[in-house]
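One structure is given below, encoded as structure tokens.
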2 protein chains.
Amino acid sequence: MNYSRQREIIFSALKENVVHPTAEYLYSVLKEKDPNISLATLYRNLNQMAEKGLIKKIDGLESASHYDHNTHEHYHFICKKCKKVFDISSNVAPEIVVKTKAETGFEIDSYDIVFSGLCKDCFEDIKEEK
Amino acid sequence: MNYSRQREIIFSALKENVVHPTAEYLYSVLKEKDPNISLATLYRNLNQMAEKGLIKKIDGLESASHYDHNTHEHYHFICKKCKKVFDISSNVAPEIVVKTKAETGFEIDSYDIVFSGLCKDCFEDIKEEK
DNA sequence: CTCATAATTGATAATCATTCTCATTTTATA
DNA sequence: TATAAAATGAGAATGATTATCAATTATGAG
């Protein structure tokens, strides 16, 4: 990853922002420092830095929403390789909610836990490939 | 909510699908049962049913991703009203990961917990409005 | 320092999921 | 059965993000 002035200002703008900004908001901030910066450059750099672990991208699954007829409390696991979504039964969560409510004073009315990684099948596949 | 044949087949298609389908996938299944069904009808009904709690919509925050320079382990809380994203410190999560790994055998390499509800300020605002 | 190569950029078109619009049809009920 | 409310289908519109591509910039060897 070569140096670029644009990446530099993107990273520092992100560090100076307490509220986790969206790309659009960052763009409005960045244009003040560099009126010529391109939206494509911003997205490119955000993705790059997120890949390298320099920043974190907060979002859900991939782009498309998934729908579930099971409305009971449970979590989801999405496999990075095959993109399948699996149910994970819930038996730890209530504690998290109670604890988080106490710590923050926020009114929590829902939460989602999404794990990601490799499902069993894809993990086997990758082992075989080696 | 009035009865509609389309909603009926959407709901049953969803129940018959083990893997949590995307709208696009559901659409391809549904067209076999009703070649005239519209994508708009599908989305409309999925949103409606999710609102009524008949099904669950699995996705992250709102549409746009948020970015975070804090790469330490922590969760997020998104306020339904002001849409701000807050950090929630982590001190329960490792147990969840260990437990989930043991139960499923999946290779979990990351997970996100996103709480949603009302932040303190918005909760106060709403109380005052009453 | 200077050239060659790879990385990066800006501008804009393209994509993809989703929502909106609106005229038409269906459902519920008085 | 008449009427109002709800739902539909088709396609346009939107919003976030990614892809394309020619031009610019960074880097490392000589």
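Quick note on labels: first sequence line is chain A, next is B, and so on, each numbered from 1. Values in this document were obtained by computation on a predicted structure and should not be read as measured data.
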Interatomic distance, [X] [atom1] vs [N] [atom2] [rounded to whole Å]:
X	N	atom1	atom2	answer
D34(B)	dA7(D)	CG	P	17 Å
I10(A)	dT8(C)	CD1	C1'	11 Å
L42(B)	dT18(C)	CG	P	10 Å
L46(A)	dA16(D)	CG	C1'	13 Å
N36(B)	dG11(D)	CG	P	12 Å
Y25(B)	dT18(C)	OH	P	17 Å
I9(A)	dT9(C)	CD1	C1'	12 Å

Side chain of [X]: nearest nucleotide among [options]?
X	options	result
I37(A)	dA10(D), dT9(C), dG10(C)	dG10(C)
E24(B)	dA28(C), dA16(D), dA17(C)	dA17(C)
T41(A)	dT18(D), dT9(C), dT19(C)	dT9(C)
R44(A)	dT18(D), dG9(D), dA11(C)	dA11(C)
Y3(A)	dG9(D), dT9(C), dA26(D)	dA26(D)

Using atom names, set out every protein N or O paired with an N or O of nucleotides 2-6 of chain D below 3.5 Å, distance rounded to 0.1 Å.
unit_1	atom_1	unit_2	atom_2	d
dA6(D)	O4'	N2(B)	ND2	3.2
dA6(D)	O3'	N2(B)	N	3.4

Is there a side-chain contact between [X] and the phosphate of [N], meaning an N or O under 4.0 Å from OP1 or OP2?
X	N	value
Q6(B)	dT26(C)	no
N45(A)	dT8(C)	no
Y43(A)	dT17(D)	yes

Practice task
Might you point out which heavy atoms bring L42(A) and A23(A) nearest each other, and give the distance in Å?
Solution key: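 For L42(A) versus A23(A), the nearest heavy atoms are CD2-O, 3.3 Å.
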Practice task
Of all the heavy-atom pairs spanning I10(A) and T41(A), show the shortest one and how long it is.
Solution key: CD1-O, 4.0 Å
Exercise for the section: Return each pair, listed once, that meets salt bridge (Lys or Arg N to Asp or Glu O under 4.0 Å) where at least one residue sits in residues 42-54 of chain A; pairs must be two or more places apart or across chains. Expected result: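 Every candidate salt bridge (Lys or Arg N to Asp or Glu O under 4.0 Å) pair involving residues 42-54 of chain A fails, so no pair, neighbours aside, qualifies.
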Look up atom [atom1] in [X] and atom [atom2] in [Y], then write down how far apart they are to the nearest 0.5 Å.
X	Y	atom1	atom2	result
M49(A)	I55(A)	CE	CD1	4.5 Å
I37(B)	I9(B)	CD1	CD1	4.0 Å
Y3(A)	R7(A)	OH	CZ	9.5 Å

Handout entry: Pairwise side-chain contact, E16(A) with V29(A), heavy-atom cut-off 4.5 Å (strictly under)
Key =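 No, their side chains stay 4.5 Å or more apart.
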Handout entry: Heavy-atom side-chain proximity of F11(A) to N45(A) below 4.5 angstrom
Key = no
Exercise for the section: Report the end-to-end axis angle of the helix from dC1(C)-dG30(D) to dA30(C)-dT1(D); each axis comes from five terminal pairs, and the value is rounded to 10°. Expected result: 30°
Practice task
Pick base, sugar-phosphate or nothing for S4(B), based on heavy-atom distances below 4.0 Å to the nucleic acid.
Solution key: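 Sugar-phosphate, backbone atoms only, no base.
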Exercise for the section: Determine the contact category for L39(B): base if any of its heavy atoms lies under 4.0 Å from a base atom, sugar-phosphate if only primed atoms, P, OP1 or OP2 are that close, otherwise nothing. Expected result: base
Handout entry: Intermediate values then yes/no, side-chain contact (heavy atoms from CB on, under 4.5 Å), K33(A) and S12(A)
Key = CA-CA 11 Å; K33(A) 298 192 185 180; S12(A) 64; 4.2 Å; yes
Handout entry: Stepwise side-chain contact (heavy atoms from CB on, under 4.5 Å) check, M1(B) with L54(B)
Key = CA-CA 12 Å; M1(B) 194 155 68; L54(B) 296 171; 3.8 Å; yes
